[in-house]
Every structure is written in structure tokens, then in C-alpha cells.
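Report on the following structure.
For reference, positions follow the sequence shown, starting with 1.
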Amino acid sequence: MHKPITIISERNHTFRQRIEVDGLEDLYGDVPPVVGGDGSAPDPHDYFDIALGTCKAITVQMYARRKEWALEGITVKVQRDDSEERKGVYKLAVTMTFHGIDDPEQRAKLEDISHRCPIQRLMTQATVEISTFTE
């Protein structure tokens, strides 16, 4: 089991939250002004989307390193379409740029590998069970 992530409300901000993750500092969450927040940090949807993009990038880099391919870096852009979220449809369009890889077969393999990242599988194939308690 992992250490818990702790979220603590910031007293001088409407909805801003300080996030504590395994000793890391300077992580915050907020919501945009349009819904009453300060817009001072990523909102929960952003963190959801960030998790996917980051996982895809890391998965591709690990694979390329193992294969000793000339991947110099990767740029991942995640575009959200939440216009139908209330209907249960949340769309993410991911664009990846592989720096240093020109071979079309390698690029196709890296894209395929990106679909196997643990967060994408969690988002698309897993049943997530959430238990909430109060103290």
C-alpha cells in the first residue's frame, strides 16, 4: 500500500488546496474563477489529464531506452473535451512528438506502447472502487 496523499484547504484562498505527496512540496489544486476559485493552480480535471500525458511520456521513454533507440525527448499534448462530461463522456485527444526518432516503424511502435501505459489502462479498463470516511 502507498503512503496517503493529503489535501489541506488553504485558509486565505476560496478553494485552493495544498497537496502533500510523499514529501514533495509546492503542489496545489484550485478551480478557475468562473466557478469561484482563484485559478491559481491546476484543477482536478487538469491533474487527471496530466496523469495520462505524463504516464504516456514515461512509458515511451522507458521502452525506447530499453531498446536503445535514439529518442532524445518527447512532447505530449493532451486536449480535453468535457462538453459531454455530464452525460458520462470525457474525451482526451493526445498528440505526441518523438524527438530524435525518424523511423516510421519505431514511431508507430512508440505510439502503440503509449496506449499500454498504466494510467491509460486504469482510465479505460479498470474498475475503480472509492471508499470515503470522515474523522
Side-chain angles (χ1 to χ4, degrees):
M1 185 165 292
H2 295 271
K3 291 181 182 179
I5 296 171
T6 304
I7 292 86
I8 303 164
S9 295
E10 294 277 288
R11 292 179 187 231
N12 296 330
H13 297 277
T14 307
F15 294 116
R16 185 175 163 105
Q17 310 294 313
R18 183 167 43 91
I19 304 165
E20 296 178 355
V21 180
D22 200 22
L24 298 175
E25 298 178 16
D26 300 327
L27 294 173
Y28 295 90
D30 200 353
V31 292
V34 70
V35 292
D38 297 327
S40 64
D43 74 19
H45 286 84
D46 293 331
Y47 279 112
F48 186 82
D49 305 350
I50 288 166
L52 177 65
T54 304
C55 187
K56 282 180 165 286
I58 291 169
T59 300
V60 164
Q61 287 177 305
M62 291 173 89
Y63 184 85
R65 179 176 286 172
R66 193 168 61 249
K67 290 291 190 177
E68 298 182 355
W69 289 355
L71 182 65
E72 297 168 5
I74 181 170
T75 301
V76 180
K77 294 182 182 179
V78 180
Q79 178 68 53
R80 171 189 326 145
D81 177 356
D82 58 0
S83 61
E84 297 182 44
E85 182 179 358
R86 291 182 187 258
K87 296 178 185 175
V89 178
Y90 189 84
K91 298 176 186 175
L92 297 175
V94 179
T95 304
M96 295 181 295
T97 305
F98 304 123
H99 307 287
I101 300 287
D102 296 323
D103 182 286
E105 288 181 20
Q106 287 182 348
R107 295 170 71 83
K109 183 63 176 178
L110 291 175
E111 180 183 341
D112 180 58
I113 290 299
S114 80
H115 300 304
R116 300 180 199 171
C117 85
I119 296 298
Q120 180 163 335
R121 291 195 331 234
L122 181 65
M123 290 176 168
T124 60
Q125 299 173 11
T127 299
V128 178
E129 297 178 4
I130 300 170
S131 302
T132 303
F133 307 95
T134 59
E135 293 183 320

Checklist entry - Got a second to check how far I8's CD1 is from Y28's OH, nearest 0.5 Å? => result 10.0 Å
Checklist outcome for this item: Scanning both residues in full, the closest heavy-atom pair of H115 with R121 reads O-CG, 4.3 Å
Next on the checklist: If you compare all heavy atoms of L52 against all heavy atoms of C117, which two are closest, and at what distance to 0.1 Å?
Outcome noted: CD1-SG, 4.3 Å
Next on the checklist: Strictly below 4.0 Å, N to O, side chains only: are R86 and D82 in salt-bridge contact?
Outcome noted: no
Next on the checklist: Surrounding CD of Q79 (heavy atoms of other residues, nucleotides or ligands, distance under 6.0 Å), is the total greater than 12?
Outcome noted: no
Checklist entry - For the residue pair G36 and T14, what are the closest heavy atoms and their distance? => result O-CG2, 3.5 Å
Checklist outcome for this item: d(L92 CG, T124 OG1) to nearest 0.5 Å is 11.0 Å
Checklist entry - Step by step, would you call I19 with I5 a side chain to side chain contact (heavy atoms under 4.5 Å, CB included)? => result CA-CA 7 Å; I19 304 165; I5 296 171; 3.9 Å; yes
Checklist entry - Going from CD1 on I119 to NZ on K56, what distance comes out if it is rounded to the nearest 0.5 angstrom? => result 11.5 Å
Item to check | Heavy-atom pair of closest approach, residues M96 and V94 | outcome: CG-CG1, 4.0 Å
Checklist entry - Does K91 offer a backbone N or O that forms a donor-acceptor pair with the side chain of D81 under 3.5 Å? => result no
Item to check | Shared hydrophobic cluster, Y47 / V31 (ILVMFWY, side-chain heavy atoms < 4.5 Å) | outcome: no
Next on the checklist: Do R80 and F48 make a side-chain contact, defined as non-hydrogen atoms from C-beta onward lying under 4.5 Å apart?
Outcome noted: no
Checklist outcome for this item: Taking every heavy atom of V60 against every heavy atom of S114, the minimum-distance pair comes out as CG2-CB, 3.7 Å
Checklist entry - Would V128 and Y90 show up in the same hydrophobic cluster when neighbours are defined by side-chain heavy atoms closer than 4.5 Å? => result yes
Item to check | Sub-4.5 Å side-chain heavy-atom contact between I50 and V78 | outcome: no
Item to check | Whether Q17 side chain and F15 backbone form a donor-acceptor pair below 3.5 Å | outcome: yes
Item to check | D46 backbone acceptor or donor facing D49 side chain under 3.5 Å | outcome: no
Checklist entry - Can you check whether E85 reaches H45 side chain to side chain, under 4.5 Å on heavy atoms? => result yes
Next on the checklist: Once rounded to the nearest 0.5 Å, what's the spacing between atom CG of D22 and atom NE2 of H2?
Outcome noted: 10.0 Å
Checklist entry - Is there a donor-acceptor contact under 3.5 Å linking the side chains of D112 and Y63? => result no
Item to check | Considering all heavy atoms, the nearest R16-A41 contact | outcome: NH1-CB, 4.5 Å
Checklist entry - Just by distance, do the side chain of R107 and the backbone of I101 share a donor-acceptor pair under 3.5 Å? => result yes
Item to check | Spacing of R18 atom CZ and S9 atom OG [to the nearest 0.5 Å] | outcome: 10.0 Å
Checklist entry - Which distance, rounded to the nearest 0.5 Å, do you find between the CZ of F98 and the CD of Q106? => result 10.5 Å
Next on the checklist: If we ignore hydrogens and angles and just use 3.5 Å, is the side chain of D30 paired with the main-chain N or O of G37 as donor and acceptor?
Outcome noted: no
Next on the checklist: Is there a path of hydrophobic side-chain contacts, each under 4.5 Å between heavy atoms, that joins I58 and M123?
Outcome noted: no
